[in-house]
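Some notes on the structure that comes next.
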Amino acid sequence: MKTDGTHSKIGYIIFILGIFLLVSGTGRLSGPLEYNSFIPNKSIAIIFIFIGLSVVFSSFFIKPRKDQ
């Protein structure tokens, strides 16, 4: 997996997880994803959006190691 230098491999995985949470929460809140057992109501969708955003922003703090 080639990264652009901003994220380490773990940071990249965390970033993708955050994007998944953000998209699933937004999809449930805006309507394309109707009721499902993963996100039963809109208040949980808002929680998923906030968790997704915080995970995406926290992934930027995990920097790749610099080889010396």
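Any value given below was found using the heavy atoms of this structure, including those in side chains, with hydrogens, waters and symmetry copies removed.
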Note to self: Is it the case that over 12 heavy atoms from other parts of the model lie below 6.0 angstrom from the CD1 atom of Ile16?
What the structure shows: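 For Ile16, atom CD1 is crowded (more than 12 foreign heavy atoms under 6.0 Å).
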Nearest 0.5 Å, what's the [atom1]-[atom2] distance between [X] and [Y]?
{"X": "Ile46", "Y": "Arg28", "atom1": "CD1", "atom2": "CZ", "value": "10.5 Å"}
{"X": "Phe15", "Y": "Phe57", "atom1": "CZ", "atom2": "CZ", "value": "9.5 Å"}
{"X": "Ser59", "Y": "Leu17", "atom1": "OG", "atom2": "CG", "value": "10.0 Å"}
{"X": "Ile47", "Y": "Leu21", "atom1": "CD1", "atom2": "CG", "value": "12.0 Å"}

Note to self: If I compare all heavy atoms of Phe48 with all of Gly25, which pair ends up nearest, and what's the gap?
What the structure shows: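 Residues Phe48 and Gly25, closest heavy atoms: CB-CA, 4.0 Å.
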Margin query: To check you understand the geometry: which heavy-atom pair defines the closest contact between Ile19 and Val56, and what is its length?
Written below: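 Closest approach of Ile19 to Val56, heavy atoms only: N-CG2, 3.7 Å.
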Notebook entry, point to check: Can you name the residues that form a side-chain contact (heavy atoms from CB on, under 4.5 Å) with Ile49, not counting sequence neighbours?
Noted result: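 Residues passing side-chain contact (heavy atoms from CB on, under 4.5 Å) with Ile49: Leu22, Thr26, Leu29, Leu53.
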Next item on the list: Sequence neighbours left out, what pairs pass side chain to side chain donor-acceptor pair (under 3.5 Å) with at least one residue falling in residues 44-54?
Entry: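 Residue pairs with at least one partner in residues 44-54: there are none.
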